[in-house]
Chemist: 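After the structure tokens below, expect a handful of questions from me.
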There are 2 protein chains.
Amino acid sequence: MKVEKISELTIDRLSIYLRCLELLSKEGVETISSQDLATRFNLNSAQIRKDLTQFGEFGVRGVGYAVVKLRDCLRAILGLEVSHNIGIIGAGNMGIALADYEGFTGSNFKAVALFDNDQEKIGRKTKLGIEIYDVKNLKDIIKEKFIDIIVLAVPASVIQLVLDQVVAAGIKGVLSFAPVQLQVPEDVTVKIVDLTISFHSLSHALINSGIRPNNRGVKADEEEKNLVVICKEQERSS
Amino acid sequence: MKVEKISELTIDRLSIYLRCLELLSKEGVETISSQDLATRFNLNSAQIRKDLTQFGEFGVRGVGYAVVKLRDCLRAILGLEVSHNIGIIGAGNMGIALADYEGFTGSNFKAVALFDNDQEKIGRKTKLGIEIYDVKNLKDIIKEKFIDIIVLAVPASVIQLVLDQVVAAGIKGVLSFAPVQLQVPEDVTVKIVDLTISFHSLSHALINSGIRPNNRGVKADEEEKNLVVICKEQERSS
DNA sequence: AATTGTGAATTCCTTCACAGCC
DNA sequence: GGCTGTGAAGGAATTCACAATT
């Protein structure tokens, strides 16, 4: 068996395919072709097939894919046959919102604990009843509650420090909301959700489509050119 | 002047470069080489130079880049010379957390309004004083408060409906937290922050590093193989 | 007839390596 | 000497197009 390295992009798409298959199976659809799946997103049918065949041959030529079977296979590939308990560090607005995040319901991800170092907050519970623990007890609570994923919702200034403790506690999967490069051992996976990049990217798109905030209406074609000119001028004047 | 299409990946990296330059300029560093920048993240110095030269020639051969100048150019390219007012639709946990998100402070993004259709919530304010408006008044408030970016923090079931109203109100930049494919006209940019994909991806990584939740310790090398076998067996048995 | 699985072609992105410049 | 800007090489991801299969 080939054990080709599987790309992150493929994994992300599997998640998207799975979402659609969950829907289809609820609708009672029994079989779907890669072409049908492809048109539901803006994807290429060959890409779907390529992605899937990296894990086995799930389809039937001339027929398509059995929805329920493929769904179960994707669940297995994505490690969703076991449930995951999530601990969230940082009981600020973001941490608490995530703890009670409705996106978890119906999935096998479950927020089970919040952590903070603010004595005011420790001992309190969220609306959905998730307790805030002292981050000093991180390691113990992780074991006690079988936490395998930690979400970091703490200020950027302390995040590496916190992460080191998380790693020391044996956690191998981390999701961070701070826009900061993080250092971890090779066997720990860190995903960063960087809202700053998303907003900057939106801002760039706005500028380039010629829409100024307040709708002052700058012409689109001229825009990128103008920017370069601004920069080139600055370059010369320095 | 060439008007080559600039890739999304490049734009995202510009945001990262900018973040570092903001830091460097605060530290009083006046000049930096692409090599120095590259080692600060795990990037290739040629990539940084390639990214930058798509917008002009900002560097000085033999010297490097002037930190403050490059910072200002990146700000201009990313459309950060004007400030952006953000409206958030959905005054649930997530929406409110975002409204008071500390990541905005010091940036020129500012949450200025929340929207909801729950009469209970309308008229209330967040801790930081951002008011919740009736989504019926969306268009008016957008104009009144010069909102140019809308964040969607509403349930997936109604998101396309809400988005249609947002587009009708003339908004060209949208950030969505719902894991759902969205339809918009060509001139509207939608960014999706898909936490489900992030968690699935983490889950996959955990499975593949041989770490089971609860640390039951499955051997790593065997894992992907096992999954395929599971799937192939299901395939045969169907 | 229809649809998968896949080598080949293509496109896109990254990295190398060096000419050009300060 | 040191560093940028860039053509060329290399690598990765996507798409095409068709043989294989039911």
Side-chain angles (χ1 to χ4, degrees), chain A residues 1-2 4-17 21 24 29-67 69-70 73-74 77 201 228 231-232 234-236 238, chain B residues 1-2 4-14 16-17 21 24 29-67 69-70 73-74 77 201 228 231-232 234-238:
Chain A
M1 162 158 335
K2 283 180 297 181
E4 296 255 329
K5 178 89 169 47
I6 283 144
S7 114
E8 200 56 33
L9 294 168
T10 296
I11 298 296
D12 287 359
R13 279 192 300 264
L14 292 189
S15 175
I16 294 171
Y17 304 155
L21 289 164
L24 289 171
V29 178
E30 292 189 353
T31 283
I32 190 153
S33 70
S34 59
Q35 184 53 237
D36 274 10
L37 259 181
T39 48
R40 274 187 166 62
F41 327 99
N42 287 348
L43 287 170
N44 181 290
S45 66
Q47 174 147 74
I48 296 177
R49 297 197 298 276
K50 268 259 159 77
D51 283 341
L52 295 178
T53 50
Q54 292 187 65
F55 298 92
E57 304 202 355
F58 304 136
V60 180
R61 289 166 200 233
V63 178
Y65 297 89
V67 170
K69 192 192 81 187
L70 185 56
C73 286
L74 291 183
I77 292 164
S201 167
V228 177
C231 294
K232 295 226 170 185
Q234 288 196 9
E235 180 187 35
R236 279 188 217 109
S238 71
Chain B
M1 159 156 339
K2 281 180 298 182
E4 296 255 328
K5 177 88 167 49
I6 282 143
S7 115
E8 201 56 32
L9 293 168
T10 296
I11 297 296
D12 287 358
R13 279 191 301 266
L14 291 189
I16 294 171
Y17 306 155
L21 289 164
L24 289 170
V29 178
E30 292 188 353
T31 283
I32 191 153
S33 71
S34 58
Q35 184 55 74
D36 274 9
L37 258 181
T39 48
R40 273 185 166 68
F41 323 99
N42 288 347
L43 289 170
N44 181 290
S45 66
Q47 176 147 74
I48 296 177
R49 295 198 297 278
K50 267 262 158 78
D51 284 340
L52 295 178
T53 50
Q54 291 188 63
F55 298 93
E57 304 201 357
F58 305 136
V60 180
R61 289 162 200 235
V63 179
Y65 297 89
V67 170
K69 192 191 81 187
L70 185 55
C73 286
L74 291 183
I77 292 164
S201 168
V228 177
C231 294
K232 294 227 171 185
Q234 289 197 8
E235 179 187 35
R236 279 189 218 105
S237 70
S238 71

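Here the structure is a predicted model, which is why all the values come from computation and not from measurement. Chain letters run A, B, ... following the sequence lines, proteins first, then strands; residues in each count from 1.
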Chemist: Can you tell which of dT14(D), dT6(C), dT4(C) lies closest to the side chain of Gln47(A)?
Modeler: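 For Gln47(A), the side-chain atoms sit closest to dT14(D).
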Chemist: About how many Å separate OG1 of Thr10(B) and OH of Tyr17(B), when rounded to the nearest 0.5 Å?
Modeler: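 Rounded to the nearest 0.5 Å, the OH-OG1 separation comes to 7.5 Å.
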Chemist: Would you compute the distance between atom CD1 of Ile11(A) and atom CD1 of Ile77(A) and round it to the nearest 0.5 angstrom?
Modeler: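 Between Ile11(A) CD1 and Ile77(A) CD1, I get 7.5 Å after rounding to 0.5 Å.
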Chemist: Ile32(A) CD1 to dT3(C) P: how many Å, rounded?
Modeler: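 Rounding to the nearest Å, CD1 of Ile32(A) and P of dT3(C) are 11 Å apart.
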Chemist: Measure the spacing between CD of Gln54(B) and CZ of Arg49(B) and express it to the nearest 0.5 Å.
Modeler: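 Between atom CD of Gln54(B) and atom CZ of Arg49(B) there are 14.0 Å.
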Chemist: Of the nucleotides dT4(C), dT15(C), dC18(C), which one has an atom closest to the side chain of Arg49(B)?
Modeler: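 That would be dC18(C).
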Chemist: When rounded to the nearest 0.5 angstrom, what is the spacing between OG in Ser7(A) and NZ in Lys5(A)?
Modeler: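 The OG atom of Ser7(A) sits 7.5 Å away from the NZ atom of Lys5(A).
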Chemist: Could you state the CD1-P distance from Ile6(B) to dC12(C), rounded to the nearest angstrom?
Modeler: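 In whole Å, dC12(C) P lies 14 Å from Ile6(B) CD1.
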Chemist: Could you check whether atom CD of Glu30(A) has more than 12 heavy atoms from other residues, nucleotides or ligands sitting under 6.0 Å from it?
Modeler: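 Open.
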Chemist: Which nucleotide wins on minimum distance to the side chain of Lys50(A), given the candidates dT4(D), dA8(C), dA13(D)?
Modeler: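 Nearest to the side-chain atoms of Lys50(A), counting from C-beta on, is dA8(C).
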Chemist: Ile48(B) has an atom CD1; how far is it from atom P of dC16(C), in whole Å?
Modeler: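 Atom-to-atom, Ile48(B) to dC16(C), this comes out as 13 Å.
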Chemist: Touch check for Leu9(B), heavy atoms < 4.0 angstrom, all strands: base, sugar-phosphate only, or nothing?
Modeler: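 Contact class for Leu9(B): sugar-phosphate only.
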Chemist: Contact class for Ser45(A) vs. all strands (heavy atom < 4.0 Å): base, sugar-phosphate, or nothing?
Modeler: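 Result for Ser45(A) = nothing.
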Chemist: Is the phosphate of dT14(C) approached by Arg13(B) (side-chain N or O, under 4.0 Å from OP1 or OP2)?
Modeler: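 Checking Arg13(B) against dT14(C): at least one side-chain N or O falls below 4.0 Å of OP1 or OP2.
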Chemist: Between atom CZ in Phe58(A) and atom P in dT21(D), what is the gap in whole Å?
Modeler: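 For the pair Phe58(A) CZ and dT21(D) P, the rounded distance is 19 Å.
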Chemist: How long is the line joining CG of Asp36(B) and C1' of dT4(D), in whole Å?
Modeler: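 Atom-to-atom, Asp36(B) to dT4(D), this comes out as 14 Å.
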Chemist: Where do Leu21(A) and Tyr65(A) land on the side-chain contact (heavy atoms from CB on, under 4.5 Å) test, with the steps shown first?
Modeler: CA-CA 10 Å; Leu21(A) 289 164; Tyr65(A) 297 89; over 6 Å; no
Chemist: Students often get this wrong, so: under 4.0 angstrom with heavy atoms, is Ser34(A) touching a base, only sugar-phosphate, or nothing?
Modeler: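 If one applies the 4.0 Å heavy-atom cut-off, Ser34(A) turns out to touch the sugar-phosphate alone, with no base involved.
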Chemist: Can you check the Asn44(A) CG to dT10(C) P distance for me, whole Å?
Modeler: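 It works out to 16 Å between those atoms.
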Chemist: Side chain to side chain contact (heavy atoms under 4.5 Å, CB included) with Leu37(A): which of Leu52(A), Ile48(A), Ile16(A), Val67(A)?
Modeler: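 Answer to the side chain to side chain contact (heavy atoms under 4.5 Å, CB included) test with Leu37(A) among Leu52(A), Ile48(A), Ile16(A), Val67(A): Ile48(A).
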Chemist: Could you work out which one of dC3(D), dT4(C), dT15(D) sits closest to the side chain of Tyr65(A)?
Modeler: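 It is dT4(C).
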Chemist: What pairs of nitrogen or oxygen atoms, one from the protein and one from nucleotides 19-21 of chain C, lie under 3.5 Å apart?
Modeler:
| from | atom 1 | to | atom 2 | distance (Å) |
| --- | --- | --- | --- | --- |
| dG20(C) | N3 | Arg61(B) | NH1 | 3.2 |

Chemist: In whole angstrom, give the distance that lies between atom CD of Gln35(B) and atom C1' of dG5(D).
Modeler: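 So the CD-C1' distance, Gln35(B) to dG5(D), works out to 15 Å.
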Chemist: Under 4.0 Å between a side-chain N or O of Thr53(A) and OP1 or OP2 of dG5(C)?
Modeler: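 Indeed not, no polar side-chain atom of Thr53(A) lies that close.
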Chemist: With a 4.5 Å limit on heavy-atom distance, are the side chains of Arg40(B) and Leu24(B) in contact?
Modeler: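 Yes, close enough: below the 4.5 Å cut-off.
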Chemist: How do Val63(A) and Asp51(A) order along DNA chain D: which one's closest nucleotide is nearer the 5' end?
Modeler: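 First, find each residue's nearest nucleotide; the 5'-ward one identifies Asp51(A).
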Chemist: At 4.0 Å (heavy atoms only), tell me whether Thr10(A) reaches a base, stays on the sugar-phosphate, or touches nothing.
Modeler: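 Thr10(A): no heavy atom of the nucleic acid under 4.0 Å.
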Chemist: Send over the distance from Gln54(B) CD to dC12(C) P, rounded to a whole Å.
Modeler: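 Between P of dC12(C) and CD of Gln54(B): 13 Å.
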